[in-house]
Amino acid sequence: MSEQIQDENKLIAQRREKLTQIRERGVAFPNDFRRNVVAGELHAEYGEKSQEELESLGVRVRVAGRMMSRRVMGKASFSHLQDMSGKIQLFVQRDSLPEGFYNEIYKKEWDVGDIIGAEGQLFKTKTGELSIRCDELKLLTKSLRPLPEKFHGLTDQEQRYRQRYLDLIMSESSRDTFRVRTQMIQFIRNYLNKKDFMEVETPMMQAIPGGATARPFMTHHNALDMQLFLRVAPELYLKRLVVGGFERVYEINRNFRNEGLSTRHNPEFTMLEFYQAYADYRDLMDLTEEMLRGLAQEIQGSTTINYQGESYDFGQPFVRMTVKESILHFNPEISEAQLEDLELARALADSLGIPLKPTYGLGKVQIEIFEKTAEHRLMNPTFITAYPTEVSPLARRSDEDPFVTDRFEFFVGGREIANGFSELNDAEDQAERFRMQVEEKEAGDDEAMHFDADYVRALEHGLPPTAGEGIGIDRLVMLFTDSPSIRDVLLFPHMRAE
RNA sequence: GGGCCGUUAGCUCAGUCGGUAGAGCAGUGGAUUUUUAAUCCAUUGGUCGAAGGUUCGAAUCCUUCACGGCCCA
């Protein structure tokens with residue numbers, strides 16, 4: 001990439017001049033300072049100690065981090081140093097430092113935002129704040145750009161997303177969001193590992209994009225001169241592994257869908273998919289319920305999740321009802337008969353203002369009605385089951401009613417969080433459903449699936465009875481961090497070019 | 001894709017009816033040895049998102065565009 005003409009201003013020019021002076025005196029970017037403790041450990045270990053206790057202990061510490069503030073009181077100053085664990089106050093006195101250092105270096109050459117190392121003795125100020133009385137200070141990295149205003153921080157959403165590093169420097173709550181994200185994923189990994197699931201990695205570049213109905217990103221492999229797609233789901237590969245005998249597998253990784261952006265959609269997003277042989281969709285509902293309840297307890301210390309002014313109870317047994325039941329439940333004016341006849345259902349959809357394509361069968365029309373009239377009302381954790389076969393090309397048909405599949409989706413706060421089902425392991429049925437998808441693709445539905453002959457061949461070797469599920473990690477993190485936009489839980493959300 | 005809102009100093013924001021561009025923080029100079037949004041005095045800093053238009057005169061009114069936010073599809 002060519003060097004961009006950066007925005008320069010007087011503040012940056014001043015700092016560059018300071019850096020020039022620092023360079024002239026020696027190593028400007030030293031990497032020989034080693035801290036022996038971080039701020040959070042100091043507060044944990046000494047935060048409750050009195051000044052007298054600290055004085056008698058005589059604790060010397062070495063810390064390093066970013067100087068977030070500086071209050072010069074004359075011959076003494078206070079600074080806050082921020083590291084990965086928190087902040088610690090530095091008490092900087094002219095007479096505790098080498099001749100000239102305080103006036104010429106600390107006050108003149110250093111700026112808020114610089115990365116520094118500090119050594120000194122722990123004490124408490126008269127207001128009771130744990131601090132370090134510094135007798136050694138070292139500039140480790142000169143910062144050339146000023147930080148946002150200290151009180152309001154960075155509030156401009158665009159800048160927070162585009163320059164996440166600034167957001168992270170300035171916002172404890174943003175740092176927390178991403179720490180929680182990591183903890184959640186950690187919890188999920190531990191949970192699945194304990195149940196003998198094996199974490200695997202399957203291709204992100206696929207010759208045939210499968211496992212979901214979504215528009216893929218396309219790319220090209222030069223050496224092989226072949227078209228490749230970024231995966232929209234890992235599903236078909238994970239089930240190949242179950243055929244191979246890895247009877248419990250999972251993957252937490254990125255999927256890519258070439259669709260619009262919104263507060264709930266980013267072109268790349270993180271999905272947990274897991275597959276368990278000799279289990280059905282009911283087992284996975286039980287597992288999901290247990291896992292999410294445990295996750296809430298672990299992350300929030302409570303099974304109640306507060307999200308955007310609403311609260312959702314993960315402690316009670318999750319509601320379970322079928323697609324049809326949920327439509328009827330939320331819409332007393334709709335009769336069951338209207339949902340069971342294609343013409344009546346179409347008329348109902350029309351009256352609801354739902355645009356329908358002529359190719360839609362009854363199942364697809366039902367789902368459109370469900371999405372319009374019921375989905376957004378599913379506030380507390382709810383499993384919706386019995387999805388029509390027409391919209392579930394990879395799911396096993398119900399033994400009682402082949403019109404629907406042994407499938408569920410999971411909703412909280414009116415949003416879909418997870419999708420799971422007993423897997424279709426009848427190779428001939430799968431081949432037939434792929435053929436249907438291909439017909440839809442040829443009829444113009446560019447989200448319809450391709451025919452994956454190798455996947456059918458794998459099924460012909462025998463996929464044990466299996467259930468599988470996908471959980472949208474980003475949406476789950478939004479819920480647990482009270483974040484209104486998916487961009488708030490992605491470190492680097494997709495943005496248009498500046 | 002549609003609707004609404006936003007874009008002014010490094011950051012957070014004012015800017016009245018169209019009449020010379022403002023504050024706080026940060027910066028710079030000074031005072032200050034326990035402050036914590038430190039305080040006090042002085043002071044630098046602007047292509048008002050971009051381009052066009054209306055007007056004697058545009059940050060302000062109009063048009064188009066860019067980027068962002070929210071809502072809808």
Side-chain angles (χ1 to χ4, degrees), chain A residues 5-18 39 43 51 54-55 66-82 86-97 102-104 106-114 120-135 142-167 169-172 259-266 308 349 352-357 368 371-372 375-376 414 483-488 493-498:
Chain A
I5 296 164
Q6 298 268 9
D7 52 313
E8 289 285 344
N9 62 40
K10 193 172 169 183
L11 298 179
I12 295 171
Q14 282 169 351
R15 288 179 177 222
R16 283 195 196 282
E17 265 179 54
K18 292 174 182 177
H43 289 294
Q51 162 60 3
L54 287 171
E55 205 61 50
R66 190 179 298 273
M67 184 165 74
M68 295 301 291
S69 65
R70 185 172 53 179
R71 296 178 292 281
V72 178
M73 315 290 304
K75 297 186 186 68
S77 297
F78 295 89
S79 275
H80 273 107
L81 194 77
Q82 176 170 288
K87 284 184 181 144
I88 183 77
Q89 181 168 260
L90 306 181
F91 183 54
V92 182
Q93 283 172 297
R94 185 190 69 182
D95 298 339
S96 301
L97 292 162
Y102 181 78
N103 282 321
E104 299 310 314
Y106 173 78
K107 279 168 69 176
K108 293 262 172 63
E109 279 186 359
W110 291 13
D111 291 286
V112 168
D114 290 351
Q121 188 167 318
L122 275 185
F123 76 110
K124 276 208 170 158
T125 64
K126 72 176 184 188
T127 56
E129 179 166 349
L130 187 67
S131 306
I132 300 170
R133 183 179 280 110
C134 298
D135 49 50
K142 183 68 192 163
S143 167
L144 296 176
R145 288 174 178 266
L147 289 177
E149 196 241 0
K150 63 189 169 194
F151 187 63
H152 299 89
L154 190 63
T155 64
D156 183 76
Q157 291 277 55
E158 182 173 359
Q159 217 175 337
R160 289 184 53 219
Y161 297 148
R162 288 192 194 275
Q163 295 176 259
R164 182 65 84 186
Y165 41 90
L166 265 187
D167 178 42
I169 290 170
M170 298 305 297
S171 168
E172 177 68 33
E259 291 162 0
L261 288 77
S262 79
T263 49
R264 290 190 286 278
H265 298 86
N266 195 65
Q308 302 292 296
L352 293 165
I354 301 168
L356 298 176
K357 291 181 184 162
E368 293 286 329
E371 288 177 356
K372 176 86 176 186
E375 178 171 328
H376 63 280
S483 298
S485 170
I486 194 171
R487 291 181 161 181
D488 298 321
H494 181 76
M495 304 285 279
R496 286 175 200 269
E498 280 183 80

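The basis for the numbers below is simple: all heavy atoms, side chains too, and nothing from hydrogens, waters or symmetry mates. Small disclaimer: the values here were computed from a predicted structure and weren't measured. To find a chain, count down the sequence lines: A is the first, B the second, and so on, and within it residues start at 1.
- Summarising the base pairing, B:rG1 is matched to B:rC72 through a Watson-Crick or G-U wobble pair whose two defining distances lie under 3.5 Å.
- At B:rA38, one or more side-chain N or O atoms of A:R71 fall inside 4.0 Å of OP1 or OP2 (strictly under the cut-off).
- Considering only heavy atoms from C-beta on, A:E158 comes within 4.5 Å of A:M495 through its side chain.
- Between A:M68 and A:L147, some side-chain heavy-atom pair lies under the 4.5 Å cut-off.
- When each of A:H43, A:K124, A:H80 is checked for a side chain to side chain donor-acceptor pair (under 3.5 Å) with A:E129, only A:H80 meets the rule.
- The gap from the C1' atom of B:rU47 to that of B:rU7 amounts to 14 Å, rounded to the nearest Å.
- The base of B:rU12 has none of its N or O atoms less than 3.5 Å from a complementary donor or acceptor on the side chain of A:T155.
- In terms of heavy atoms, A:M170 sits closest to A:L154 at CB-N, 4.4 Å.
- Of the inter-residue distances, the one linking A:I354 atom CD1 with A:E371 atom CD reads 9.0 Å to the nearest 0.5 angstrom.
- Atom NZ of A:K18 sits about 3.0 Å away from atom CG of A:D111, to the nearest 0.5 Å.
- Map A:D156 and A:K107 each onto its nearest nucleotide of RNA chain B; the residue landing nearer the 5' end is A:D156.
- Atom CD in A:Q14 sits about 6 Å away from atom P in B:rU28, given to the nearest Å.
- Among the atoms of the strands shown, none is found under 4.0 Å from any heavy atom of A:V112.
- Using a 4.5 Å cut-off on side-chain heavy atoms (C-beta onward), A:H265 and A:H494 make no contact.
- Listed for the A:Q89 side chain is no donor-acceptor partner under 3.5 Å among the backbone atoms of A:F78.
- Checking B:rU12 for Watson-Crick or G-U wobble geometry (two distances, each under 3.5 Å) identifies B:rA23 as its partner.
- With P as the reference atom, B:rA23 and B:rA42 are 13 Å apart, rounded to whole Å.
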Output a table of nitrogen or oxygen pairs between the protein and nucleotides 69-73 of chain B separated by less than 3.5 Å.
{"unit_1": "B:rG69", "atom_1": "OP1", "unit_2": "A:R487", "atom_2": "NH1", "d": "2.3"}
{"unit_1": "B:rG69", "atom_1": "OP2", "unit_2": "A:R487", "atom_2": "NH1", "d": "3.0"}

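- Counting to the nearest Å, the P atom of B:rC13 and the CD atom of A:E149 are 9 Å from each other.
- Contact annotation: the side chain of A:I12 approaches that of A:P146 to within less than 4.5 Å [non-hydrogen atoms, C-beta and beyond].
- Comparing the same atom, C1', in B:rC11 and in B:rA37 gives a spacing of 14 Å after rounding to whole Å.
- Note on A:Y102: nothing from the nucleic acid sits closer than 4.0 angstrom, heavy atoms only.
- For the pair A:R15 CZ and B:rG10 C1', the interatomic distance rounds to 9 Å; values are reported in whole Å.
- A 3.5 Å limit on both hydrogen-bonding distances identifies B:rA42 as the Watson-Crick or G-U partner of B:rU28.
- Taking the C1' atoms as reference points, B:rG2 lies 29 Å from B:rU8, given to the whole Å.
- In this structure, of B:rA37, B:rC11, B:rG27, it is B:rG27 that holds the atom nearest to the side chain of A:R70.
- The side chain of A:M73 lies closest to B:rU34 when the candidates are B:rC67, B:rA37, B:rU34.
- Of the listed nucleotides (B:rU33, B:rG29, B:rU12), B:rU33 has the atom at the smallest distance from the side chain of A:K75.
- In this structure, the NE2 atom of A:H80 is 12 Å from the C1' atom of B:rU34, given to the nearest Å.
- Pairing for B:rC17 is absent, judged as Watson-Crick or G-U wobble with the two contacts each under 3.5 Å.
- Across the C1' atoms, B:rC13 and B:rG52 are found 29 Å apart, a figure rounded to whole Å.
- Here the CD1 atom belonging to A:I486 is positioned 8.5 Å from the OG1 atom belonging to A:T263, to the nearest 0.5 angstrom.
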Pick out the pairs of N or O atoms, protein on one side and nucleotides 42-50 of chain B on the other, that lie under 3.5 Å.
{"unit_1": "B:rU44", "atom_1": "O2'", "unit_2": "A:K10", "atom_2": "NZ", "d": "2.4"}

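- Rounded to whole angstrom, the span from the CZ atom of A:R133 across to the P atom of B:rU34 amounts to 12 Å.
- Taking only side-chain nitrogens and oxygens, A:R496 never comes nearer than 4.0 Å to OP1 or OP2 of B:rA66.
- Atom CD1 in A:I88 sits roughly 17 Å away from atom P in B:rU35 (whole-Å rounding).
- Interatomic distance, A:R133 CZ to A:Q121 CD, rounded to the nearest 0.5 Å: 7.0 Å.
- Here B:rA14 presents its C1' atom at 13 Å from NE2 of A:H152, a figure rounded to the nearest Å.
- Nucleotides B:rA14 and B:rU35 have their C1' atoms positioned 30 Å apart, rounded to a whole Å.
- Using Watson-Crick or G-U wobble geometry with both donor-acceptor distances under 3.5 Å, B:rU47 finds no partner in any strand shown.
- The side chain of A:Q159 lies closest to B:rC11 when the candidates are B:rA26, B:rU34, B:rC11.
- With B:rA37, B:rU33, B:rC11 as the choices, the nucleotide that has an atom nearest any side-chain atom of A:P148 turns out to be B:rC11.
- Between the CZ atom of A:R145 and the CG atom of A:L166 there is a distance of 9.0 Å, given to the nearest 0.5 Å.
- Across all strands shown, A:G153 has heavy atoms under 4.0 Å from sugar-phosphate atoms exclusively, and none from any base.
- With values rounded to the nearest 0.5 angstrom, A:F123 atom CZ is found 6.5 Å from A:T125 atom OG1.
- Across all strands shown, B:rU7 forms a Watson-Crick or G-U wobble pair with B:rA66, both key distances being under 3.5 Å.
- The gap from the C1' atom of B:rU16 to that of B:rC61 amounts to 15 Å, rounded to the nearest Å.
- When rounded to the nearest whole Å, the span between CE of A:M68 and P of B:rA38 equals 12 Å.
- B:rC40 sits 22 Å from B:rG45 when the C1' atoms are compared, rounded to a whole Å.
- Within 4.0 Å of A:K18, counting heavy atoms only, lie sugar-phosphate atoms of the nucleic acid but no base atom.
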